[in-house]
Amino acid sequence: MLTVDGAFERIGSALQQKGYVFAAEEKSADSSGDRLAVYTSPEMAARVSWKGSARMLVLEVDADGGWVEFARRSFGP
């Protein structure tokens, strides 16, 4: 079974295979496990985020300076 960290890394790897470049990553200092990674290409930027308290993995794209949700997956109860 794929873990949340595995899914997070797999999405980032897929973006890099499509020509996106890893730009930044943020991890929460508390125990929530929140994590955010940003990938850029000449045409578009994408970010992958994990919200530990909501148990939700989200892929967003940059559209005219604002982040728009592209896909979302919930884990657990």
* To do: Carefully, step by step, assess Glu60 and Ser49 under the rule side chain to side chain contact (heavy atoms under 4.5 Å, CB included).
  => CA-CA 8 Å; Glu60 298 170 301; Ser49 62; 4.3 Å; yes
* **Met56/Arg72 under side chain to side chain contact (heavy atoms under 4.5 Å, CB included): CA gap, chis, key distance, verdict** => CA-CA 7 Å; Met56 189 173 305; Arg72 172 181 15 176; 2.8 Å; yes
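Across all non-hydrogen atoms, the minimal contact from Ser28 to Gly33 is OG-N, 3.6 Å. Scanning all heavy atoms of the two residues, the minimum distance from Phe22 to Gln16 falls at CB-NE2, 3.5 Å. Smallest separation of non-hydrogen atoms from Leu57 and Phe8: CD1-CD1, 3.7 Å.
Side-chain contact check for Ser13 versus Gln17: some heavy-atom pair is nearer than 4.5 Å.
No chain of hydrophobic side-chain contacts below 4.5 Å, direct or via other Ile, Leu, Val, Met, Phe, Trp or Tyr residues, connects Val38 to Val61.
Atom CD of Glu9 sits about 9.0 Å away from atom OG1 of Thr3, to the nearest 0.5 Å.
For Ser41, the side-chain contact (heavy atoms from CB on, under 4.5 Å) test picks out Tyr20, Glu43, Met44, with sequence neighbours left out. In this view, Ala45 and Thr40, Asp62, Trp67 satisfy the side-chain contact (heavy atoms from CB on, under 4.5 Å) rule, not counting sequence neighbours.
Sequence neighbours left out, the pairs with a member in residues 19-34 that pass salt bridge (Lys or Arg N to Asp or Glu O under 4.0 Å) are Glu25-Arg35.
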